[in-house]
Every structure is written in structure tokens, then in C-alpha cells.
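Just so we're clear, the structure is a prediction, and the values are computed from it rather than from any experiment. Counting convention: from 1, in listed order, for ligands and their atoms alike.
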Amino acid sequence: MAATIDYTTSKGYKVKLQTGLFINNEFVNGSETIETINPSTGKVIAQVQAANKEDVDAAVKAASDAFHGPWRQMSSSKRAALMFKLADLIDRENEALSQVETLDNGKGITFSRNFDVKQIAITLRYFAGYADKIHGKVIDTDGALSYTRHEPIGVCGAIIPWNFPLMMLGWKLGPALATGNTVVVKTSEMTPLSALKVCELVVEAGFPPGVINIITGYGAIAGDALARHQKVAKIAFTGSTAVGRHIMKAASESNLKKVTLELGGKSPNIIFDDADLDQAVRWAHKGIFFNHGQCCCAGSRIYVQESIKDEFLKKFKEYTSQTKLGNPHDDDTFQGPQVSQTQFDRIMGYIEEGKKQGATCYMGGNRWGDEGYFIEPTVFTDVKEDMTIVKEEIFGPVVTVSTFKDVDDVLKMALDTDYGLAAAVFTKDTARAIDVSNRLQAGTVWVNCYNELDYNTPFGGFRQSGIGRENGEYALDNYIQVKTVKINVSRKP
Ligand code: NAD
Ligand code: MN
């Protein structure tokens, strides 16, 4: 029986949580503990358990027993009902979950309430609807009846990041459970708390023990053990491209488990001179500064057509200056702290590098406040396409603004990257919007908007931004294996 967290936020909200490794519907102790930090202050919130290899074994065994036992035997409509129930409980606990998410991650409380917590519930419901609609095809074959079955894969591992702890949990649980798999999720060591609250709700919803197991711990220990586990049939990872490579390697060195990856990006946001400029400014702002720039699909390279550059920059600065940076527990805060000291140091390092390489820091560029990991929204101009800040993913509130002459000019720059997660184009010319969207190399192209993520449209990367698609019907493909059954009618041997 592991410990309980009792913590009062800076606004007086009392956070109460059980900690432990959630295995077989129980919170158990791991072999070690880790501290989780409040990014608004840099101070410790609490200790959580850290799983080692043996703990991962226990979680996988629980998931395997549930897969071969109660989960396999349960009707798909009952499975759906459990998922709907969990979604309802998440909505009921919106405030508690939001407070925990904001405390541990630093995102504005209004975003936690209206986006993150709602997204996990809505995603679970969307996939719950599929649970009793998973079926194969009948294929006419001469002298035989052939049909396919879409069967679950088995124990699915998931390794999730810290930028959207609850939403990422939903993206992994939804399709895995709907298709009849069981799961072991490892949360990020930066943000372990909100998923622990969900564990309490998993018990209340009535899931059989072992169907959903959630472990806290370090990537290199618990994450690696999960990626290498012989009894994990599939692994879904979201995080850095570097660790994504490691996951594929671990899969290939163990049991060739199926791998889906959702990795980094350096997404171009292209604004033509005929665009509605005020709207483009707002969307471009959301594109880079939403979630403090900690989005894999962030529009971190803005390309504005030459003739509107000055006007764009003036309006962009004005709009950015009036969004509130500060305590994430305040209702009106747009931007809170970055998630950790490590991320803070990386981002400040990129800002220094940008200045050193000769870019102009048009606004921001500094730490904000004297505690926590706050960074001013930062805009660089006079950039060259080979500068580090244009090439590498910064994952913070830092954007570069380049100019272009025409479509060919901007596409050359936009496509000069190994990534391909997202892109956007702003124009009133429909034909041009379609032409540019077709020519961009990205898993999502937004036209006249940015960072609009819907649970029912596929999301994933071209090139080194990933493998596979999450969300929408497409996500189901990652969690089923197709079996052909062939029944002889009139064939002779
Ligand atoms: P990360 O890739 O190290 O962490 C993501 C998850 O992977 C965490 O749960 C972590 O514990 C786990 N992990 C780490 N090493 C592992 C290993 N060897 N084996 C198995 N699992 C492992 O990301 P980070 O260090 O937290 O952030 C670094 C950079 O990654 C960011 O600056 C950003 O560029 C990128 N990132 C991308 C996303 C995304 O949504 N695509 C999310 C977070 C971070
Ligand atoms: Mn934290």
C-alpha cells in the first residue's frame, strides 16, 4: 500500500491523491521513489514510486492475465460501457484532475479544464463507440469462403510524455481498449500525478484488474524495460525523436513488437499577403505559444510574405504582449512555466544560440520572475534558414519569422527539414490553399487555422516525425491484427 499526497496549491485548492504503481487495480510500492516538481516554484510536490524491471514484469503479467482472462471473455458492448463510464467519471472529476494537471505540468488552469481533461473524456467516448463495431470482411474466393477477423494484439505498452499527460493517456487507452487489448502505460517522470487520479476512477468504473496498468518511473529504466519486454506485443511512444529511435531498437532487439511513434517537429506556418491578417496573427500566436510552445506540432517557423512582414510583426507583438504570463492557477493565465529545469535550460540555450548566430531577438528572450521555469514569449527575426533556431525543435515559447517572395520560394524553405508532423497555410485563395497543402510534406496541414486537434481526425508524422496515426478510425489499425480464415467449399487438394 503506497502513500497519499496531500498538497495545497497556491490558490488554496486541496489536492489529494494516492501514489503507487497501479497494477491489478491496486497501488503498490516500487523499488525506488522519484520526486515530482512544481514547475511554478521549482519545489518538490511529492514523491512517487519508480518502477524497475521487476515491477514492469509484474505490470505486464497483470495485463497478460487480464487479456487471456476476463477482458477476452467480456462482450464488446460491456467493454464499451466501461469506457463510457470512465469518461463520465473523468468529467465528474474535471476540477480535481485540472488542478493536478496544472500543479504538476504548469499549464493554465483554464486550459486544463476546457481542453486537457475534456479531451481525455471525449477521446475515450469516441473509441468506446467503436468497441462493438470492430469487424473484418468477407472475401469471395473461388471454391472457398474467406473472411477476416480483426483481433486484438495482446498487451500494449505505452510511453507518454509530459506536455499533455491526460490527453496522451486518452490517445493511448482509447484505441487499445476499444479493440480488446490490455495496457501498461508508463507516464513521464515530469508529470506522473494526473494519471494516478485516473487510476482511482478506473477502479470505480469497474474495469477488471489488470486491464489498465499505469506505472510511474524513469524512461531509461521502466520505459526501456517495457520497450524490451518479450510479452509486450505492441508499443506506442510519444516523445523525442532520439528516444523514438531507441524504442525501435529495443523492439527489434527483443520480440519485434509492433511500434508506433509520434515524435518531434519543426512545423512551418506560411502566411500569404492576401490572408486575413488579424486572424492569421491570432492563429499564429496559438500555433506557437499554446501550451508554452510545448507541442510536437507547434508552428515554430513562421514564413510571412515580404510585403506584409512589418505589419504582421507589429500586430503579432501587440497581440502576444497582451496575453498573460504568470501563475497557472489563475483563471486568466495564458502561459505558465515550462515543465522542468532541464527544458528551461535547453530553451534558454537555444535563445542564446540564436543571438550568437546573429538573429535579432524582436521580443522576449528572457526568464520571467525569480522562481519557477517561466520564459517570455520570444520572437526572432532576421534569421537565416541554416541557423540552429530554424533547424532544431526548441519545444518552448520561441518562434522564428522568415520572409518569402512566392510559393516556390517558401516551399523550398518549408520542406527543408527531416520532420513532417504539421504545417499551415493562410490565404483567401482556395486554389492556392489546396495546391500548397498538397505540396507540403506533413501529417496534418491546417488551412487558415493552427493547432486544431480533433479526436476523430488522424494525427501523426511524415518523415522522422513518426510512424502510424493516432486518433480517428485510422488509429484502430495500430491495435488489431488481421486473421484470414479460409473454409473450403469445393476445392480439391
Ligand atoms: P523524452 O522523449 O525523453 O520522454 C518522453 C517519454 O519517454 C517519457 O515518458 C520518458 O520517461 C520516456 N523515455 C525516456 N528515455 C527512454 C528510454 N531510453 N526508453 C524508454 N522510454 C524512455 O522527452 P523529454 O526528454 O522529456 O523531452 C525532450 C524533448 O523531446 C523535448 O524538448 C521535445 O523536443 C521532445 N518531446 C516531444 C514530445 C511530443 O509530443 N512529440 C513530447 C515531449 C517531448
Ligand atoms: Mn511536475
Side-chain angles (χ1 to χ4, degrees), residues 5 7 34-46 48 50-51 53 56 100-107 157-165 167-169 171-172 185-195 214-229 232 235-251 253 259 261-267 291-298 300 328 336-347 349-350 372-373 392-396 398 419 421-422 443 453 459-461 464-466 470:
I5 297 177
Y7 186 96
I34 344 175
E35 291 175 337
T36 190
I37 306 288
N38 178 352
S40 301
T41 60
K43 299 202 174 89
V44 176
I45 302 168
V48 299
K53 196 171 166 301
V56 172
V100 176
E101 198 76 323
T102 289
L103 171 66
D104 206 9
N105 166 283
K107 62 179 73 201
I159 299 176
I160 60 174
W162 43 260
N163 50 347
F164 296 96
M167 187 171 78
M168 289 300 114
L169 182 62
W171 287 20
K172 306 295 187 245
V185 181
K186 192 203 81 69
T187 53
S188 166
E189 51 273 57
M190 310 303 164
T191 53
L193 299 184
S194 55
I214 300 183
I215 57 176
T216 48
Y218 293 105
I221 301 168
D224 184 70
L226 196 58
R228 282 180 195 283
H229 206 287
V232 172
I235 188 117
F237 169 77
T238 301
S240 60
T241 299
V243 175
R245 281 180 211 289
H246 182 84
I247 300 289
M248 276 201 98
K249 193 158 170 260
E253 285 171 358
V259 176
L261 304 173
E262 203 264 273
L263 309 172
K266 189 73 182 172
S267 301
N291 211 40
H292 328 160
Q294 303 168 136
C295 287
C296 44
C297 50
S300 51
Q338 305 309 126
V339 78
S340 65
Q341 182 74 49
T342 310
Q343 287 301 112
F344 176 88
D345 291 342
R346 283 191 57 186
I347 297 162
Y350 276 116
Y373 314 129
E392 294 184 16
E393 182 176 48
I394 299 174
F395 226 66
V398 181
Y419 290 118
L421 195 58
L453 293 168
F459 183 78
Q464 292 183 33
S465 286
E470 300 193 285

Need the ligand 1 atom indices (1-based, order shown) with element for anything under 4.0 Å from a heavy-atom of [X].
X      : answer
Glu393 : 33 (C), 34 (O), 35 (C)
Ile160 : 6 (C), 8 (C), 9 (O)
Ile247 : 20 (C)
Cys296 : 39 (C), 40 (O), 41 (N)
Pro161 : 42 (C), 43 (C)
Glu262 : 41 (N)
Glu189 : 8 (C), 10 (C), 11 (O)

Considering only the protein, which heavy-atom contact is closest to [atom], and what is its distance?
atom                    : result
atom 30 (O) of ligand 1 : Ser240 CB, 3.0 Å
atom 19 (N) of ligand 1 : Gly219 O, 3.3 Å
atom 7 (O) of ligand 1  : Phe237 CE1, 3.2 Å
atom 12 (C) of ligand 1 : Ile159 CG2, 3.6 Å
atom 38 (C) of ligand 1 : Phe395 CZ, 3.5 Å
atom 3 (O) of ligand 1  : Val243 CG2, 3.5 Å
atom 40 (O) of ligand 1 : Asn163 ND2, 3.2 Å
atom 24 (P) of ligand 1 : Trp162 NE1, 3.6 Å

Inset, instruction - Take Lys172 and Thr238 through the side chain to side chain contact (heavy atoms under 4.5 Å, CB included) test and state the conclusion after the steps. - result: CA-CA 10 Å; Lys172 306 295 187 245; Thr238 301; 2.6 Å; yes
Legend entry - The single option from Asp224, Thr187, Ile235 passing side-chain contact (heavy atoms from CB on, under 4.5 Å) against Ile159: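 Option passing the side-chain contact (heavy atoms from CB on, under 4.5 Å) with Ile159: Ile235.
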Legend entry - Thr191: which of Leu103, Asn105, Ile37 passes side-chain contact (heavy atoms from CB on, under 4.5 Å):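 Result for side-chain contact (heavy atoms from CB on, under 4.5 Å) with Thr191: Asn105.
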Assess [X] for proximity to ligand 1: is some non-hydrogen atom of it under 4.0 Å away?
X      : result
Arg346 : yes
Thr241 : no
Gln294 : no

Ignoring hydrogens, what is the shortest heavy-atom contact between [X] and [Y]? Give both atom names and the distance.
X      : Y      : value
Pro39  : Pro337 : O-CB, 3.3 Å
Gly106 : Pro328 : O-CB, 3.2 Å
Val232 : Gly157 : CG1-N, 3.6 Å
Asn291 : Cys295 : CB-SG, 3.9 Å
Val259 : Ala251 : CG2-CB, 3.5 Å

Legend entry - ring-ring contact (aromatic ring centres under 6.0 Å, His included) partner of Phe395, chosen from Trp162, Phe344, Tyr350: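 Among the candidates, only Trp162 passes.
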Is it the case that ligand 1 has an N or O less than 3.5 angstrom from some N or O of [X]?
X      : answer
Gly239 : yes
Gln343 : yes
Thr238 : no
Leu263 : yes

Legend entry - Minimum non-hydrogen distance to atom 20 (C) of ligand 1, winning option of Gly223, Gly293, Gly396: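 Among Gly223, Gly293, Gly396, the closest heavy atom to atom 20 (C) of ligand 1 belongs to Gly223.
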Inset, instruction - Measure from atom 18 (N) of ligand 1 to every heavy atom in His246, Arg228, Met168 and give the option owning the shortest one. - result: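 Nearest heavy atom to atom 18 (N) of ligand 1 lies in His246.
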Legend entry - Donor-acceptor side-chain pairing of Gln343 and Tyr373 below 3.5 angstrom: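 Note: Gln343 and Tyr373 side chains miss the donor-acceptor criterion.
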Inset, instruction - Say whether Thr36 and Asp104, considering side chains only, have a donor N or O and an acceptor N or O under 3.5 Å apart. - result: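 The answer is yes; a qualifying pair exists.
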Inset, instruction - Classify the contact between Phe164 and ligand 1 as side chain, backbone, both or neither, using a heavy-atom distance cut-off of under 4.0 Å. - result: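 For Phe164, no heavy atom sits under 4.0 Å from ligand 1.
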Spell out, as yes or no, whether a donor-acceptor pair under 3.5 Å connects the side chain of [X] to the backbone of [Y].
X      : Y      : answer
Lys266 : Glu392 : yes
Glu189 : Gly219 : yes
Gln338 : His292 : yes
Thr102 : Lys107 : yes
Ser465 : Leu263 : no

Legend entry - Listed protein N/O/S atoms, distance to the Mn ion (ligand 2) under 2.8 Å: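 Short answer, with waters excluded from the count: Ile37 O, Asp104 O, Asp104 OD1, Met190 O.
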Legend entry - Inter-residue atom distance Leu193.CG - Ile45.CD1, 0.5 Å rounding: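 Output value for this atom pair is 5.5 Å.
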Inset, instruction - Using a distance threshold of 4.0 Å (strictly less than), state whether atom 32 (O) of ligand 1 has a protein heavy-atom neighbour. - result: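 Under 4.0 Å from atom 32 (O) of ligand 1, at least one protein heavy atom found.
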Inset, instruction - May I ask you to check whether Phe459 and Trp171 place their ring centres under 6.0 Å from each other? - result: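 Trp171 vs Phe459: aromatic centres under 6.0 Å.
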Legend entry - Partner set under side-chain hydrogen bond (donor to acceptor under 3.5 Å, both in side chains) for Glu262, not counting sequence neighbours: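 Not a single residue meets the side-chain hydrogen bond (donor to acceptor under 3.5 Å, both in side chains) criterion with Glu262.
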